[in-house]
Number of protein chains: 2
Amino acid sequence: MCLECCNQSCLINNCTLDWIEKISSKKNTPHYPKNQFIFFEGSLVMGAYFIKRGQVKIISSNINGKEQTVRLAKEGHMLGHTAFGLEKYSIGAVTLSESEICFVDNRTLQEAFLENPKFTIEVMRFYSRELRKSEIRTKCLAMMNNEEKVILGLLYIAETSNDQNSNQTKIYLSRQEIAQIIGTNSEQVSRVISNLRKDKLLDTEDRTIVLHDLEALKATLSHYCIAIEY
Amino acid sequence: MCLECCNQSCLINNCTLDWIEKISSKKNTPHYPKNQFIFFEGSLVMGAYFIKRGQVKIISSNINGKEQTVRLAKEGHMLGHTAFGLEKYSIGAVTLSESEICFVDNRTLQEAFLENPKFTIEVMRFYSRELRKSEIRTKCLAMMNNEEKVILGLLYIAETSNDQNSNQTKIYLSRQEIAQIIGTNSEQVSRVISNLRKDKLLDTEDRTIVLHDLEALKATLSHYCIAIEY
DNA sequence: TATGGTATCTGCGAAATTGCAGGATCTTTC
DNA sequence: GAAAGATCCTGCAATTTCGCAGATACCATA
């Protein structure tokens with residue numbers, strides 16, 4: 001039931017009570033394990049997804065199967081509607097952690113948009129924010145060298161991770177997964193992480209990366225004027 | 001007057017007649033010469049811009065003043081609203097050709113959104129499409145080598161150019177401007193353009209680049225599965 | 001038409017990135 | 001707990017990209 005949902009940041013909360021109940025009765029909320037596809041590139045668009053809990057990567061591949069992660073999403077984010085107006089997804093989505101994700105079909109969503117201006121406006125604002133973030137990312141990936149890109153990637157992962165309450169952010173992604181976020185390869189990521197560890201800018205516990213001072217990492221990227229969001 | 005506007009693709013056309021007239025009476029439509037700032041990074045957000053005619057680049061700079069073009073826009077596109085909810089622009093916008101651009105203030109826009117669900121939905125879809133395009137661009141810039149990036153840039157410029165009616169698309173941007181779109185430098189762009197001219201994939205007339213076969217150029221990038229949009 | 005300033009082109013050495021290879025470490029499975 | 005498989009780390013050579021510099025071509029102004 002949406003009305004009892006623990007996730008206050010869900011966009012559906014911007015609908016009227018009637019509509020929240022209506023959507024609630026039509027949605028379903030499967031439980032996804034880690035590394036599970038939510039939808040594939042090329043598959044039919046049936047509706048949209050709202051992340052209740054967990055972390056998700058949005059990916060796009062070239063013809064050889066090489067994957068690029070184009071966006072990370074966490075609870076409160078909306079997925080899959082990017083392809084609105086198209087019949088098929090041009091991107092895919094995969095869970096990075098165990099997740100709960102609500103699905104709402106196209107028709108219900110369309111009616112909700114027409115009758116809930118506040119909801120529609122907030123969804124518009126969400127896309128507007130994501131576009132701005134994507135554009136800042138474009139700039140950073142275009143201008144930065146490898147080391148800076150890796151730091152950017154780590155901060156981006158931290159930003160979209162769920163347990164950022166403590167002063168120790170832990171990153172469980174593989175070097176390969178991090179490389180796909182910033183458009184490089186796993187060797188480069190390894191090298192940079194080794195250097196950052198020597199410089200005391202992060203720690204590692206086995207393969208887990210531990211960020212103990214986000215501000216110090218952000219300071220290394222201050223040339224790029226990205227104080228607000230990563 | 002919006003009702004007599006030549007630009008059918010303007011998002012404002014999705015409002016009711018009443019509202020089109022209301023917006024029409026409140027907007028203004030300055031005439032911008034080439035290379036004119038529409039708004040600056042860091043300046044206050046007063047409203048949104050709707051391009052009636054012309055081509056615009058959205059830019060973001062680092063602290064040394066080095067510029068990256070993060071998006072191109074043409075007639076029918078909406079600008080400046082990316083910063084919705086923020087007080088200041090995180091990006092800037094500059095005309096690439098002589099342009100007419102309508103300005104609508106925040107308050108009028110907000111009321112229009114609340115009372116014109118169709119308008120709001122179309123604006124949402126616009127941002128959704130732009131986000132998808134930005135993400136495909138992220139992937140391409142991350143995966144492509146220099147030559148491929150230059151071709152991508154040329155196709156992107158052609159796509160957002162106004163005179164794509166003939167089978168000869170002419171590009172009047174400088175090598176430096178092209179370089180800023182794809183995140184490289186003017187020398188690299190020169191080199192690639194020379195090679196493409198030798199391979200008969202484009203012509204040059206003085207400094208103007210002439211694309212006479214867009215399909216052939218697109219074919220060189222087919223590995224990246226970007227058939228739909230650039 | 002002449003002239004100064006700017007943009008473009010291209011060669012070349014420097015720097016950064018890539019990709020392979022081999023060894024070390026960690027995880028999984030039995 | 002041992003073995004097999006996967007991931008991670010790091011050195012090195014090959015490749016790509018960068019950025020300076022000089023030559024050429026173009027544009028604006030007088």
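Quick note: numbers below take in every heavy atom, side chains included, and nothing from hydrogens, waters or symmetry partners. Residue numbers start from 1 in every chain, and the chains themselves are labelled A, B, ... in the order their sequence lines are given, proteins ahead of strands.
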Legend entry - Earlier contact from the 5' end, DNA chain C, for B:R197 and A:N145: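 Taking each residue's closest nucleotide, the earlier one in sequence belongs to B:R197.
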Using a strict threshold of under 4.0 Å (side-chain N to carboxylate O), is an ion pair present between [Y] and [X]?
X      : Y      : value
A:K88  : A:E41  : no
B:E187 : B:R175 : no
A:E75  : A:K52  : no
B:R191 : B:E147 : no
B:R132 : B:E135 : no

Inset, instruction - Could you tell me if the ring centre of A:Y49 sits under 6.0 Å from that of A:F39? - result: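 Ring-ring flag for A:Y49/A:F39: true, centres closer than 6.0 Å.
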Legend entry - A:T208 (side chain) donor-acceptor with A:Y172 (main chain) under 3.5 angstrom: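 No.
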Inset, instruction - Quick one: label A:S186 by what it contacts on the DNA or RNA (base, sugar-phosphate, nothing), any heavy atom closer than 4.0 Å. - result: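 It contacts nothing in the nucleic acid.
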Inset, instruction - Remember a base hit wins even if backbone is also touched, and classify B:R207 as base, sugar-phosphate or nothing at under 4.0 Å, heavy atoms. - result: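 Base, at least one base atom sits under 4.0 Å.
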Legend entry - chain B contact limits on DNA chain C, taken 5' to 3' with a cut-off of 4.0 angstrom to heavy atoms: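 Contacts span C:dT6 to C:dC12, reading 5' to 3'.
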Legend entry - Range on DNA chain D touched by chain B - first to last nucleotide, heavy-atom distance under 4.0 Å: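 Nucleotide range in contact with chain B: D:dT17 to D:dC27.
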Legend entry - Contact summary for A:L131 and B:S134, nearest pair of heavy atoms: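 Smallest interatomic distance, heavy atoms only, reads CD1-CB, 4.0 Å.
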Legend entry - Most 5' of A:S190 and B:N146 on DNA chain D, judged by nearest nucleotide: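 It is A:S190 whose nearest nucleotide is closer to the 5' end.
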